[in-house]
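Side chains included, hydrogens not; waters and symmetry mates left out as well; all remaining heavy atoms used.
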Amino acid sequence: MVEIRWSRGPHQLRLRETWVLPLPQGVVYAEGDEMRRFLVATGNALTGKEVAVFGAADLAWFVIVSTPPGATQDGLEWTEQSRESDGREVVIHSVLRGGSLFELVSEKTTAEPARRAMEAILAGLHETPPARSTWWPLLLIPFVLLFLIRRRRA
């Protein structure tokens with residue numbers, strides 16, 4: 001059995017450069033190696049675009065967050081149903097928002113409450129202003145030095 005070190009919300013999940021998804025208390029999440037370990041253990045193929053996984057504390061449902069290139073059509077949604085090898089019926093509900101793909105995985109019997117829980121979390125998705133660059137003042141230093149040197153010579 002694979003051990004996953006889950007973190008618990010609240011947490012500000014950073015997506016792309018300017019998007020933030022607040023994860024509330026009671027939600028578990030994994031990023032980086034822990035996320036990849038979970039995805040492999042649950043039979044999900046890795047694409048390299050995955051950012052995080054979050055879900056219910058008991059993992060009755062979870063959401064795979066990825067940033068596929070060209071994911072620009074906000075609000076696009078679709079649902080797929082499948083049967084696992086152990087006979088469970090699984091629903092995967094996918095949503096594009098903020099340039100990220102959110103894939104909700106749940107059993108068919110709990111799909112609707114899981115979808116409502118995901119929608120409540122996605123309602124907090126928001127864009128933040130890009131961080132100001134701190135390197136541009138460094139470009140001014142040579143000009144200021146040149147100005148001071150010329151002024152001193154005059």
For Val20, side-chain contact (heavy atoms from CB on, under 4.5 Å) partners two or more places apart: Gln12, Arg14, His126, Thr128

So which pairs with a foot in residues 90-106 pass salt bridge (Lys or Arg N to Asp or Glu O under 4.0 Å), sequence neighbours left out? Glu77-Arg97, Arg97-Glu119

Contacts of type ring pair (Phe, Tyr, Trp, His ring centres under 6.0 Å), residue Phe54, not counting sequence neighbours: none

What pairs meet the side chain to side chain donor-acceptor pair (under 3.5 Å) rule with one or both residues in residues 48-63, with sequence neighbours excluded? Thr47-Glu50

Any residue meeting side-chain contact (heavy atoms from CB on, under 4.5 Å) with Ser7, in chain and number order, not counting sequence neighbours: Tyr29

What residues, two or more places apart in sequence or in another chain, satisfy side-chain contact (heavy atoms from CB on, under 4.5 Å) together with Ser82? Glu84, Val90

Excluding sequence neighbours, so at least two apart, what forms ring pair (Phe, Tyr, Trp, His ring centres under 6.0 Å) with His93? none

Checking Glu127 now: which residues fulfil salt bridge (Lys or Arg N to Asp or Glu O under 4.0 Å) with it, not counting sequence neighbours? none

Contacts of type salt bridge (Lys or Arg N to Asp or Glu O under 4.0 Å), residue Arg116, not counting sequence neighbours: none

Ring pair (Phe, Tyr, Trp, His ring centres under 6.0 Å) filter on Trp19, not counting sequence neighbours, yields none

Residues at least two apart in sequence or cross-chain that pass salt bridge (Lys or Arg N to Asp or Glu O under 4.0 Å) with Glu31, listed by chain then number, are none

Residues that Ala57 engages under side-chain contact (heavy atoms from CB on, under 4.5 Å), provided they are two or more places apart: Arg8, Val28

